[in-house]
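So the structure is just underneath, and the comments pick up after that.
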Number of protein chains: 2
Amino acid sequence: MKNNPITIKDIARILGISASTVSRALKDHPDISVETKKAVNELAAQLKYQPNAIALSLKQSRSNTIGVIIPEIVHHFFSSVISGIEDVAYKAGYTVMICQSNEKYDREVANTNMLLAHRVDGVLVSVAKEATNFDHLRMMKEKGIPLVFFDRIVPGLESDQVVIDDEEAAYKATKHLIDNGRKRIVHFSGPSHLQISTNRKDGYLRAVREAGLTEDPALIIEADNFEKAVVAVRHMVDNKNLPDGIFATNDLTAVGAMQGLQKLGVKIPEQIAIVGFSDGRLSGITNPPLTSVDQHGYEMGSLATEILLQRILSSDENYTPVTRVLQGNLVVRESSK
Amino acid sequence: MKNNPITIKDIARILGISASTVSRALKDHPDISVETKKAVNELAAQLKYQPNAIALSLKQSRSNTIGVIIPEIVHHFFSSVISGIEDVAYKAGYTVMICQSNEKYDREVANTNMLLAHRVDGVLVSVAKEATNFDHLRMMKEKGIPLVFFDRIVPGLESDQVVIDDEEAAYKATKHLIDNGRKRIVHFSGPSHLQISTNRKDGYLRAVREAGLTEDPALIIEADNFEKAVVAVRHMVDNKNLPDGIFATNDLTAVGAMQGLQKLGVKIPEQIAIVGFSDGRLSGITNPPLTSVDQHGYEMGSLATEILLQRILSSDENYTPVTRVLQGNLVVRESSK
DNA sequence: GTGAAAGCGCTAACAT
DNA sequence: ATGTTAGCGCTTTCAC
């Protein structure tokens, strides 16, 4: 049963015709007679012939493959992006090669080389947190490989990109709290060297200013995970310095705050309303369900892929890079009512 | 900048030597003189030469690629499996081609053909819920492509497989409830045509019997998602027919039960203790945190890949298929204390 | 120590 | 309507 795969030559030999005739018959070339086509297709089906995609790639000098470099596949947001990528790519006859950087610079470089070796026709990238040098990506561009960034972009690198409007989404989230009568709103923010974090903080600040609330630096606390949020809220309770609203830079932080507070007897949302960011599986199942910003991972993936495929097909060297900004939806649930 | 990739020929031409010498120099062949090697390697580095993996695959009639067919990448369990797969595969110099079936039979067949076309050296499969016909997978085996199943296996198909001991894990989960003094334990089960569901039910039953509890068919309720669980617990409350423990076939169902009950004023775990299955991101962040079975997705992925690579390399046609059973850990949290 | 040639599977001029 | 040939990039046997 370990027989080598059937090739066009096998079919040709059996039918006593040439390989090129078989090739043409299989792709319904007008020159080929109906009988020949019939014979070829029948035999091919019978032998379960599968065209060798590798040979095709070599011949055509294009792999019909796109590469994806992503920080971590186990994050709901990123896996939904991949879903969007795959759907669009497969529909267009492309296969997808997925690489995880695990947030490491070295891995990202290794991934780049791997994709280069496989002659991918284009690449989708969301850069690793750790990466500060981007020569490897620049090199890809120089080799003429179209690059589309999504979510985590590289400021210095001119390229197509798909991002969500973090500032605006954060503004909407904060404004929602304000519209519900909250006046002392804490922001749990991410590390300030990440553009994503500062954008979200800026949105928060805009909403606060616009509403004429006091703009207190003490209300902005750097905490971007579950544990840090738990610690931070315990401090608040200890100091009897409770806000009436919290906007967190991501959902896990919001949940940490929520649970930390609940454990200390604070009622959510009655005493403190909470809003997260990056609506994942978990927002709907917390208690109470968490208001959050839907980042549209699937749409981001499919849109980025559409742009990439367009670049690949048009192969116009002098295009102007496009930036597509998706609006994050605020999904209001019980935690902020 | 759209220059074609550098090939071995380019290097040969520039250096005025033959392509075969370049090839040998690059792989440090003993015949080649030190100077030639040096010259070749330097030029290759300078030109950023990348060997063409596609040409290599064609030449060697193996792709150094393994295929993965998985139901849905957006499930935490499956994405951690993929993480495990990728780590092992990349370390061994293999690339990974990931396909989602989205639980559809048609997609699974299409994925199979795609992987076949790409001449993958082996395939890892977790079958789609919808699939009942497995000729496409059988065909792969007949073509001599090693297949390793993980998690969702195909009973009739002799092949390597990595599964978790669902029966035992379900037994442990149920026994844990019993050990904590619970006597009337409901099981929310999955569809009975899925082996995974019946295994879990069997484990539940074994624990119940062993403890000499009443084995009431009314205590087994088919409900395997959030909404169904909410409906089911509402019935219980309406009928004033509350159990004191619930073991659910997956976490989302457990969470649905938990929230449904809480909304109706039932205290978790005081009145009803709850245990889920397939410890994902969410078990730790529910309120109270959910006791659940850790399915070891990463280990399952890495183990399955190790087995597959071994099959690929040994290429012994007459091996006896191996079944590796992982033990699921019960992770005890507040929901069952 | 190096080169020439063949071939992996396929396609696309260029014959006939 | 079909066959012949060359070549995609690389490795490898066989020469020298």
Side-chain angles (χ1 to χ4, degrees), chain A residues 3-41 43-44 47-65 93 113 116-121 143, chain B residues 3-41 43-44 47-65 93 113-114 116-121 143-144:
Chain A
N3 45 350
N4 301 13
I6 308 293
T7 73
I8 250 179
K9 275 185 179 172
D10 297 323
I11 298 182
R13 194 170 21 75
I14 296 175
L15 256 35
I17 58 181
S18 80
S20 31
T21 304
V22 175
S23 169
R24 283 184 278 235
L26 286 170
K27 34 184 44 190
D28 205 23
H29 189 104
D31 278 0
I32 304 298
S33 76
V34 187
E35 308 96 66
T36 309
K37 276 183 193 168
K38 189 157 170 284
V40 168
N41 282 304
L43 186 59
L47 298 178
K48 297 194 175 65
Y49 165 76
Q50 288 278 357
N52 185 328
I54 296 171
L56 236 190
S57 296
L58 184 61
K59 176 104 244 286
Q60 316 194 327
S61 312
R62 72 198 151 73
S63 57
N64 288 305
T65 300
N113 289 328
L116 240 25
H118 281 269
R119 300 294 188 267
V120 291
D121 299 333
K143 295 206 173 205
Chain B
N3 46 348
N4 302 14
I6 309 293
T7 74
I8 251 179
K9 275 185 182 173
D10 297 323
I11 298 183
R13 196 171 19 78
I14 296 174
L15 255 35
I17 58 181
S18 80
S20 26
T21 304
V22 175
S23 170
R24 283 185 276 236
L26 286 171
K27 36 185 41 189
D28 206 22
H29 189 103
D31 278 359
I32 303 297
S33 75
V34 187
E35 308 96 66
T36 309
K37 276 182 191 165
K38 187 155 172 286
V40 168
N41 283 305
L43 186 58
L47 298 178
K48 298 194 174 67
Y49 166 76
Q50 289 278 357
N52 185 331
I54 295 170
L56 235 191
S57 297
L58 185 59
K59 179 100 241 285
Q60 317 194 326
S61 311
R62 73 196 148 74
S63 57
N64 288 306
T65 300
N113 290 327
M114 214 220 55
L116 239 27
H118 281 268
R119 298 295 188 266
V120 290
D121 299 334
K143 296 205 171 203

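Proteins get letters first, then strands, A, B, ... in listed order; numbering begins at 1 in each.
As judged by a 4.0 angstrom heavy-atom cut-off over every strand, A/Ile54 is placed among residues making no nucleic acid contact. Looking at heavy-atom distances under 4.0 Å, B/Ser57 makes no contact with the nucleic acid at all. Residue contacts for B/Ser23: at a heavy-atom cut-off of 4.0 Å it reaches a base atom on one of the strands shown. Counting any heavy atom pair closer than 4.0 Å across all strands shown, A/Ile8 reaches sugar-phosphate atoms only and no base atom.
The side chain of A/Ser33 places no N or O atom within less than 4.0 Å of a non-bridging phosphate oxygen (OP1 or OP2) of D/dA1.
Residues A/Thr7 and A/Asn52 are not in side-chain contact: their nearest non-hydrogen atoms beyond the backbone lie 4.5 Å or more apart. Taking the side chain as every heavy atom from C-beta outward, A/Leu47 and A/Ile14 approach each other to under 4.5 Å. With contacts defined as side-chain heavy-atom distances shorter than 4.5 Å, the pair B/Leu26/B/Asn41 qualifies. Under the 4.5 Å side-chain criterion, counting only non-hydrogen atoms from C-beta, B/Val40 is in contact with B/Ile17.
The B/Arg24 side chain lies nearest to C/dG3 when the options are C/dG9, C/dC10, C/dG3. Of the listed nucleotides (C/dT2, D/dT12, D/dA1), D/dT12 has the atom at the smallest distance from the side chain of B/Lys59. Residue B/Ser18 has its side chain nearest to C/dG3 when only C/dG3, D/dC10, D/dC8 are considered.
Side-chain to base pairing of A/Ser20 with D/dT4: one donor and one acceptor N or O lie within less than 3.5 Å of each other.
Looking at which nucleotide of DNA chain C each of A/Lys9 and A/Leu56 is closest to, the 5′-most match is held by A/Lys9. Mapping A/Tyr49 and B/Thr36 onto DNA chain C by nearest heavy atom places B/Thr36 closer to the 5' end of the strand. Position along DNA chain D of the nearest nucleotide to A/Asp31 versus A/Arg119 favours A/Asp31 as the more 5'-ward residue.
In this entry the distance linking CZ of A/Arg62 with P of D/dG9 reads 14 Å, nearest Å. One atom, CG of A/Leu26, and another, P of C/dG9, lie 15 Å apart when rounded to the nearest Å.
Considering OG of A/Ser20 and NE2 of A/His29, their distance stands at 10.5 Å, rounded to 0.5 Å.
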